[in-house]
> 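Here you go, one structure.
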Amino acid sequence: MSQIKVAINGFGTIGKRVADAVDAQEDMTVIGVTKTGPSFGCELAVKKGFPLFCTSDEKESINKFKEEGYECKGGISDLLNLCDVVVDCSPGKLGKSNLEKYKSAEVKYIFQGGEKHELTGLSYTSSANHLENLNASGTRVVSCNTTGLSRTLVPLYELCGSLKVECTMIRRSADPGDSSKGPINAIKPVLKVPSHHGPDVMTIKPEIEINSLAVAVPTTIMHVHSIVADLPEDHGLSTDSILNIWKNTPRVIIMNGVKDKISTTAEVMEMARDIGRKWGDLHEIFVWEDGVKLVNNRLYYFQAIHQESDVIPENIDCIRALMGTESDWKKSVKKTDLAISKYYNID
Ligand SMILES: NC(=O)c1ccc[n+]([C@@H]2O[C@H](COP(=O)([O-])OP(=O)(O)OC[C@H]3O[C@@H](n4cnc5c(N)ncnc54)[C@H](OP(=O)(O)O)[C@@H]3O)[C@@H](O)[C@H]2O)c1
């Protein structure tokens, strides 16, 4: 079978990770990545052997790469001529103009969570709506927070048949590589209430009733979600049976804060570095076992999200959905995760 040709438009925090994850797969290949101009990320593309293109088609911008000693294969239009699907990893809110380019090049497209659902009219997470995205011309992989919520809430919803959720997103204020954001010594509530994070889950699973509040805190390594979910009266579940569901859910890690001595996001990230993926990434959602409790029909739990990386394997499954090459989301997840493990020699 021929490989799916994947272009990555924007080779920043998300783009470089998606490129690596595509490179790890047997059924797809990185046909090219884009940068606005020559800067430190170009070195990585060269080292990995990913053909480098410019986000613009202007000759002047393309020539700048050459002036700094990088081989630039052309502009975005040249790249779009070569690919089957483009993963848009540009900074949020550039979607509208990029979408026009993808449509006129007649390629499939995947946007990220920085764009609104309305841009594509379709959103994606592996566990919630893979089938709905099968053979679609384009979609949006939801944000890191929405991906995290969907990993633990969707399997719960599927078992219970109804779910009412209130959650507070305790958000890191910036990515570790971002020096432009804050706060650095304050807690900043998002005053637009409810926040957009929770309701975004309904773009991939409209049946889950969910609202959220959000605060930004001075940390760069992870988000934490504090979740209260109301199950139907006749749920028949216990704290242990819910933990068992999540233990058998792909891309969810359950550990005990006290026994495993992993009580804060600092230890979670240290554990992630031990796993051995590049950049110390943690694709899985981390749930503290001893922070889960079902009281009557109300479930309380905390989970931690590695914001730069939980969406990465979802982009790979999403490529297979759009290209119609794997209709079973669980098979795709298995294929994706095994290939990434082999790529990084993780046992
Ligand atoms: N960072 C996260 O934790 C995170 C998590 C989940 C989802 N997302 C979403 O993922 C998307 C990308 O975010 P990011 O954090 O990776 O951003 P980023 O680190 O700022 O990287 C953006 C990349 O896009 C390139 N770019 C700039 N203008 C462009 C254009 N017009 N067309 C195409 N590419 C362009 C930039 O080029 P240069 O390198 O040349 O400047 C850069 O390589 C956003 O929608 C964001 O909301 C981010």
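Both backbone and side-chain heavy atoms feed into the values below; hydrogens, waters and symmetry mates do not. Counting starts at 1 for both ligands and their atoms, in listed order.
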> Check His130 against Tyr124 and note the closest heavy-atom contact, atom names and distance.
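The answer is ND1-OH, 2.7 Å.
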
> Between the side chains of Thr325 and Arg320, does any donor sit under 3.5 Å from an acceptor?
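Thr325 vs Arg320: no donor-acceptor pair found between side chains.
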
> Looking at Gln112, which atoms of ligand 1 are within less than 4.0 Å of one of its heavy atoms?
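Within the 4.0 Å cut-off of Gln112, ligand 1 contributes 9 (C), 10 (O), 11 (C), 45 (O).
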
> For Arg172, counting its heavy atoms only, list the atoms of ligand 1 lying under 4.0 Å from any of them.
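Answer for ligand 1: 3 (O).
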
> What protein heavy atom sits nearest atom 2 (C) of ligand 1, and how far away is it?
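Heavy-atom neighbour on the protein nearest atom 2 (C) of ligand 1: Asp175 OD2, 3.4 Å.
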
> Name the closest protein heavy atom to atom 5 (C) of ligand 1, giving the residue it belongs to and the distance to 0.1 Å.
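The answer is Gln307 O, 3.1 Å.
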
> Taking NZ in Lys278 as the centre, count heavy atoms belonging to other residues, nucleotides or ligands within less than 6.0 Å. Is the count above 12?
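Count over threshold, so yes.
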
> Write out the residue and atom name of the closest protein heavy atom to atom 48 (C) of ligand 1, then the distance separating them to 0.1 Å.
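For atom 48 (C) of ligand 1, the nearest protein heavy atom is Ile14 CG1, 3.5 Å.
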
> Determine the interplanar angle of the Trp288 and Phe302 rings, folded into 0 to 90°, and report it as parallel if under 30°, tilted if 30 to 60°, perpendicular if over 60°.
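Answer is perpendicular, since the angle exceeds 60°.
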
> Identify the protein heavy atom lying closest to atom 30 (C) of ligand 1, giving its residue, its atom name and the separation to 0.1 Å.
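The closest one turns out to be Leu94 CD1, 3.6 Å.
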
> Pick from Gln307, Gln112, Arg172: which one makes a side chain to side chain contact (heavy atoms under 4.5 Å, CB included) with Cys144?
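Filter result, single survivor: Gln307.
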
> Looking at atom 33 (C) of ligand 1, what's its closest protein heavy atom, distance included?
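Checked against all protein heavy atoms, atom 33 (C) of ligand 1 sits closest to Asn9 OD1, 3.2 Å.
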
> Is any heavy atom of the protein nearer than 4.0 Å to atom 20 (O) of ligand 1?
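So far as the 4.0 Å threshold goes, atom 20 (O) of ligand 1 is out of reach of every protein heavy atom.
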
> Backbone or side chain, does any N or O of Thr13 fall under 3.5 Å from an N or O of ligand 1?
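Yes, at least one N or O pair falls under 3.5 Å.
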
> Could you tell me which atoms of ligand 1, counted from 1 in the order shown, lie closer than 4.0 angstrom to a heavy atom of Phe11?
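Result: 43 (O).
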
> Does atom CZ (Arg298) have a neighbourhood of more than 12 heavy atoms from anything else shown, all under 6.0 Å?
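Check fails, neighbour count at 12 or below.
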
> Using salt bridge (charged side-chain N to carboxylate O under 4.0 Å, His left out), reason through Asp57 and Lys101 one step at a time and then give a plain yes or no.
CA-CA 11 Å; Asp57 285 330; Lys101 294 177 196 164; over 6 Å; no

> Should Gly12 be counted as touching ligand 1, given the test is an N or O pair under 3.5 Å?
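N/O-N/O distance below 3.5 Å exists for this pair.
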
> Between Phe11 and Phe50, how do the two ring planes meet: parallel, tilted or perpendicular, split at 30° and 60°?
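Phe11 and Phe50: perpendicular rings.
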
> Which residue owns the protein heavy atom closest to atom 25 (C) of ligand 1, what's the atom, and how far is it?
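Sorting protein heavy atoms by distance from atom 25 (C) of ligand 1 puts Gly10 CA, 3.7 Å first.
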
> Heavy-atom distance to atom 28 (N) of ligand 1: which of Thr36, Ile76, Val311 wins?
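The option holding the nearest heavy atom is Thr36.
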
> Just to verify, which of Ile305, Asp310, Ile253 counts as forming a side chain to side chain contact (heavy atoms under 4.5 Å, CB included) with Leu282?
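Only one option passes, and that is Ile253.
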
> Report all side-chain donor-acceptor pairs from residues 30-45 shorter than 3.5 Å, counting only partners two or more places apart or in another chain.
unit_1, atom_1, unit_2, atom_2, d
Thr34, OG1, Asn9, OD1, 2.7
Thr34, OG1, Gly10, N, 2.7
Lys35, NZ, Ser39, OG, 3.1
Glu43, OE2, Tyr70, OH, 2.8

> For atom 32 (N) of ligand 1, which protein heavy atom lies nearest, and how many Å away is it?
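Atom 32 (N) of ligand 1 sits closest to the protein heavy atom Asn98 ND2, 3.6 Å.
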
> Just jot down the ligand 1 atoms closer than 4.0 angstrom to any heavy atom of Gly92, in number order.
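What qualifies from ligand 1 is 44 (C), 45 (O).
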
> May I ask you to check whether Asp88 and Ser90 show a side-chain donor-acceptor distance below 3.5 Å?
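Indeed, the side chains of Asp88 and Ser90 share at least one donor-acceptor pair under 3.5 Å.
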
> Which residue supplies the protein heavy atom nearest to atom 26 (N) of ligand 1, what is that atom called, and how far is it?
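The closest one turns out to be Pro91 CD, 3.5 Å.
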
> Select the closest option to atom 44 (C) of ligand 1 among Ser56, Gly113, Cys89, Ser90, judged by heavy-atom distance.
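Selected option, by shortest heavy-atom distance: Ser90.
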
> Can you list the ligand 1 atoms lying under 4.0 Å from a non-hydrogen atom of Lys35?
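Under 4.0 Å from Lys35, ligand 1 has these atoms: 38 (P), 39 (O), 40 (O).
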
